Amino acid sequence: MPTFQTSPGMRDILPPEAGRFEQLVAVFAEIVESAGYGRLNTPLIEDYGVFVRIGDATDVVSKEMYDFTDHGDRHVALRPEVTASACRAFAQHRPTPPWKVFYSGPNFRHEKAQRGRYRQFEQVGVEVLGVDDPLLDVEVIALAWEFYAALGLRQVDLIVNSLGEPADRARYVAALKEYFTAAGDALSAASRATLVTNPLRVLDSKRPEDQSLIAAAPSIADFYDEGASAHFAAVCAGLDAIGVPYRVEPKLVRGLDYYRRTIFEFQGGTFDSAQNALGGGGRYDGLVEDLGGPATPGVGFALGVDRTVLACDDEGVFAATPRQLDAFVVDVVDGTHALALTTELRRAGLAVDRAFDGRSMKAQMKLANRSNARHAVIVGPDEVATDTVQLKPLFGGDQRTVPRGEIAAQLRKSTSS
RNA sequence: GUGGUCAUAGCUCAAUAGGUAGAGCACCAGGUUGUGAUCCUGGCGGUUGGGGGUUCAAGUCCCCUUGGCCACCCCA
């Protein structure tokens, strides 16, 4: 048993899996950069207060924050998400809107881990600040949609809803409170507690005894004012126009307090568990202001990379693909010829590996095979004497003798063909 | 944080009612001295997650502990 192992909920991601994560982020970056989004890097550690705006009543803040007091006696926290940081950055630097940014990186939540749910988890996401247009909501949703499609995922469901304007939401919350309170003991004890702290979240209860009550609960759709109603209608019409399939779910609420109007969530169809959300987002028009900036509309999403990768596994898409090597140098003389050859070939722009420790030819050939290189470049006493190398294709084809000076050119030729 | 469940070689798993731990894969080395992916042979490899207890004897029973998984809480 090793003396040390990863902390609970933390994990190592080994090659080639870590490379796969990297590639996934690259796919995401390509899509959003092509749409005019620029990368934003914010600190992993922020003032605790930045994240409190996510919602005092949410567990994310009340009990799952990785917070501590630093040596300067500042109350800080590891970020549980990036949206609040992005808004803080906007308020601090005041870039000219519209400000379209994307990010990727780790976030932290101190909660009990499960598969696809770690204390340190990766997210990719976008945020746009300074635009009220519902067509932007559509663009943002479409980017996430295209991302899943680019990975090859097919079983992803898009759920959308609107929480209305703050006043609508307040009236709805009041109505919900009244409705569930009237239900009395018919509502589970746990949900009755939730009703006090965060009434909207009662709709998210998965307790069987609550389901019929939830189904008959008032619908947010009946509380929109004209503006919110028009905004949401425009979002739906936009999605229709570009052929992004979605389902309107009036009972969809999201956990964070800052959401206003449009909210959406992507669910993985292959997950046979409650942990089926791949990502989600929405509008958070008041957040920048809450963080001390000017009143600024905002919309964005965050997608969980860990679960997305699991979804890819389930659907058998986006497999890890290690770098294809051009050649593997086998030196059965003393290893120094491999040193010279790998250096020369790498300088020539080729991807090349070799063996060490003076292993037998058979062992080196096994390594060459395992490396998945296209060719083995073999150097033995005979080759040294004649200033040549053996070039052996590892995926079929005849081995041939190549003058030492031509190996780079030969390799490049067979690589490009 | 609560509950359930599991934990044996690097990996996937075996081991009758408690009786001194096995296989496959992987890895390494050979198969008449320069060539891999197949095949054959051999080898390395575990104080059965850790600690304590019951017993003549524990991988197998009990307690504690650590971690995974599942559900809940909550959330991406």
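Bear in mind the structure is a predicted one, so any value in this text is a computation, not a measurement. Chain identifiers are assigned alphabetically (A, B, ...) following the order of the sequence lines, protein sequences preceding nucleic acid strands; residue numbering begins at 1 within each chain.
For the pair A/Tyr148 (side chain) and A/Val156 (backbone), a donor-acceptor distance under 3.5 Å is absent. In this structure a side-chain-to-backbone donor-acceptor pair under 3.5 Å is present from A/Gln364 to A/Asp331.
No engagement by A/Arg11 is indicated, since no non-hydrogen atom pair under 4.0 Å with the nucleic acid exists. A/Gly9 comes within 4.0 angstrom of the backbone, heavy atoms only, and of no base.
Judged as a ring-ring contact (aromatic ring centres under 6.0 Å, His included), the pairs with a partner in residues 165-209 of chain A (not counting sequence neighbours) are, in order, A/Tyr172-A/Phe223.
Along RNA chain B, the nucleotide closest to A/Leu303 and the one closest to A/Ala113 are compared, and the more 5′ of them pairs with A/Ala113. Taking the nucleotide of RNA chain B with the nearest heavy atom to each of A/Ser7 and A/Glu111, the more 5' of the two is matched to A/Ser7.
Across the protein-nucleic acid pair, A/Asp306 atom CG and B/A76 atom C1' stand 9 Å apart, rounded to whole Å. Look at CZ on A/Phe4: it is 17 Å from P on B/G50, rounded to the nearest Å. Separating the CD1 atom of A/Ile263 from the C1' atom of B/A76 is a distance of 14 Å, rounded to the nearest angstrom. Rounded to whole Å, the distance from CD on A/Glu127 to P on B/A76 is 13 Å. Rounded to an integer number of Å, the gap from CG of A/Leu252 to P of B/A76 is 10 Å.
A 6.0 Å sphere centred on CD of A/Gln399 holds more than 12 heavy atoms belonging to other residues, nucleotides or ligands.
Going from the P atom of B/C27 to that of B/U38 covers 9 Å, rounded to whole Å.
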| remark: Its contact letters, B for base, S for sugar-phosphate only and - for none at protein heavy atoms under 4.0 Å, make nucleotides 30-40 of chain B read -B--BBBB---
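Comparing B/C28, B/C72, B/C69 by their closest approach to the side chain of A/Gln114 singles out B/C72. Closest to the side chain of A/Gln5, out of B/G67, B/A76, B/C74, is B/G67.
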| Watson-Crick or G-U pairs under 3.5 Å in RNA chain B, rendered as dot-bracket with [ ] for crossing pairs and | for another strand | (((((((..((((........)))).(((((.......))))).....(((((.......))))))))))))....
